[in-house]
Amino acid sequence: MERAEITRGQLDIVATPIGNLEDLSPRAQRVLREADRILVEDRRHAQRLFQSIGLQPRTEPLHEHNEREQIPRILAWLAAGEHLALISDAGMPLISDPGYPLVSELRRAGVRIAVIPGPSALLAALALAGLPTDRFCFEGFLPAKSGARQQRLQELAQETRTLVFYEAPHRILDTLQEMCDRFGAERGAVLARELTKLHEEGIGENLGEILATLNAHPERQRGEMCLVVAGAAASAAAEADLDQLLRPLLAELPLAQAVRIAEAQSALPHRRLYQRALA
Ligand code: SAM
């Protein structure tokens, strides 16, 4: 398809509320009114949003099971000059939600794309948690299968940036227990629950405390939740760096010699390297 043809239409990516309908911005409302069609993750869910602003738009389903097969139809609508909007069930589309294959394909095709920013549980939880925000990483949902989850948590144990996870209520206790085992129960953390809704709350100071609170109050295991976890202390990360330096040397050489070489390579104090090598 010709690039010039495609650029007649436009796709607007529109963030929608994560619980509180008042969070739909005036600009988002205008774009939804003006769109020729709205791509929605779930029609019934979207209906509630549209009703709240008295809208009866033409909708097309776009969810994880049909996204790729919808792309050619969407390209054809855009080529015909249509103005499309993309929403998901809540928050920012593409963020643990459908839209990534579509947007990447449309960019390649030269389609004009705009984003109408707004609510997203990720940033709301991070802001609420009061943990360092200068550097953070978004982990979305952990894998559902136990082996893959353990592996992911192991990989993240030394991450020094603040970590943000999405989690489902039926997994939260297991996740907290696994994180206590891998990261330590003292690791700083906040569970951001029911953001923007009536029972919004931020639970806990650390992983162990959140687990204890949820065990004592089963009703607080329900609802929508994000887990924000403090990064590993810089010292823990430094230990991991030391291990990386020492491990190959220790595999080949006696301890004292391995430490001497590590000392020469890193200019770190002998005592620190020696103790780590012993450990
Ligand atoms: N695209 C959405 C966004 O921008 O936040 C996220 C969609 S993802 C499928 C849904 C997950 O986001 C939930 O399982 C929960 O972890 C988190 N979430 C969504 N709304 C929330 C809320 N009101 N409070 C806390 N977490 C929420």
Side-chain angles (χ1 to χ4, degrees), residues 15 18-19 64 88-100 117-197 200-215 217 220-244:
I18 56 169
E64 58 176 332
S88 63
D89 284 351
M92 181 58 82
L94 283 85
I95 307 300
S96 296
D97 267 342
Y100 159 65
S120 184
L122 150 66
L123 288 183
L126 183 67
L128 189 79
L131 290 168
T133 53
D134 50 345
R135 297 178 73 229
F136 66 90
C137 56
F138 174 56
E139 280 295 317
F141 292 98
L142 283 165
K145 291 205 173 124
S146 166
R149 276 164 81 79
Q150 292 304 331
Q151 159 102 28
R152 194 78 202 105
L153 290 174
Q154 176 71 35
E155 286 162 7
L156 292 171
Q158 305 302 337
E159 173 59 65
T160 54
R161 293 170 294 179
T162 298
L163 297 142
V164 186
F165 299 88
Y166 285 164
E167 193 46 288
H170 65 278
R171 289 217 186 93
I172 188 65
L173 292 182
D174 285 348
T175 296
L176 285 165
Q177 186 58 61
E178 286 161 0
M179 286 187 182
C180 284
D181 297 344
R182 295 270 172 194
F183 302 167
E186 295 301 311
R187 178 79 76 93
V190 171
L191 186 72
R193 247 190 94 236
E194 295 288 84
L195 293 165
T196 77
K197 304 186 205 177
E200 170 176 309
E201 61 173 345
I203 304 174
E205 296 268 302
N206 61 45
L207 290 167
E209 197 189 298
I210 302 171
L211 187 57
T213 304
L214 294 195
N215 274 321
H217 301 277
R220 293 162 87 183
Q221 296 166 18
R222 292 196 283 268
E224 294 193 280
M225 51 189 74
C226 298
L227 187 56
V228 188
V229 181
S235 61
E239 302 286 77
D241 288 346
L242 285 192
D243 290 355
Q244 227 173 11

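Since the structure is predicted, the reported quantities are computational estimates derived from the model, not experimental observations. Count residues from 1 along the sequence.
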| Note, Met92 side chain near Pro119 side chain (heavy atom, < 4.5 Å) | no

| Do Gln154 and Gln150 have side-chain N/O donor and acceptor atoms under 3.5 Å apart? | no

| task | For side chain to side chain contact (heavy atoms under 4.5 Å, CB included), just list the numbers for Met179 and Leu227, CA-CA rounded to whole Å, side-chain angles, deciding distance to a tenth of an Å, and then say yes or no. | result | CA-CA 11 Å; Met179 286 187 182; Leu227 187 56; 3.5 Å; yes

| request: Look up atom CZ in Arg161 and atom OG1 in Thr133, then write down how far apart they are to the nearest 0.5 Å. | output: 14.0 Å

| Between atom CG of Asp174 and atom CD of Glu167, what is the distance when rounded to the nearest 0.5 Å? | 9.0 Å

| How long is the gap from CD on Glu178 to CG on Leu173, to the nearest 0.5 Å? | 11.0 Å

| remark: Scanning both residues in full, the closest heavy-atom pair of Ala124 with Leu195 reads CB-CD1, 4.0 Å

| field | Lys/Arg-Asp/Glu bridge criterion (N-O < 4.0 Å) met for Arg152, Glu155 | value | yes

| query | Hey, does Leu122 have a side-chain heavy atom less than 4.5 Å from the side chain of Phe136? | reply | yes

| request: Would you indicate whether the side-chain heavy atoms of Leu211 and Cys180 approach each other to under 4.5 Å? | output: yes

| message | Minimum heavy-atom separation for Ser88 and Asp97, please, with both atom names. | response | OG-OD2, 2.9 Å

| field | Distance-minimising heavy-atom pair for Pro117 and Ala15 | value | C-CB, 3.9 Å

| task | Locate the shortest heavy-atom distance separating Ile210 from Gly204; write the atom from each residue and the value. | result | CG1-CA, 3.9 Å

| Within a strict 4.5 Å, meaning less than it, do heavy atoms of the Phe165 and Leu156 side chains meet? | yes

| Contact summary for Ala121 and Cys226, nearest pair of heavy atoms | CB-SG, 3.7 Å

| Can you tell me how far the CD atom of Glu209 sits from the CG atom of Leu214, to the nearest 0.5 Å? | 10.5 Å

| note | Of all heavy-atom pairs linking Glu224 and Ile18, the shortest is OE1-O, 4.2 Å

| message | Is there a side-chain contact between Leu142 and Thr175 in this structure, where contact means two heavy atoms from C-beta onward sitting under 4.5 Å apart? | response | yes

| query | At what distance, to the nearest 0.5 angstrom, does OH of Tyr166 lie from CZ of Phe138? | reply | 4.0 Å

| said: So Arg187 and Val229, do their side chains get closer than 4.5 Å, heavy atoms only? | reply: yes

| Sub-3.5 Å donor-acceptor pair from the side chain of Thr162 to the main-chain atoms of Leu131, do we have one? | no

| query | How long is the span from the CG atom in Leu191 to the CD1 atom in Ile203, to the nearest 0.5 Å? | reply | 5.0 Å

| query | Is it the case that more than 12 heavy atoms not belonging to Phe141 sit under 6.0 Å from its CZ atom? | reply | yes

| task | May I ask you to decide whether Arg220 forms a salt bridge with Glu201, counting only side-chain N to carboxylate O separations under 4.0 Å? | result | yes

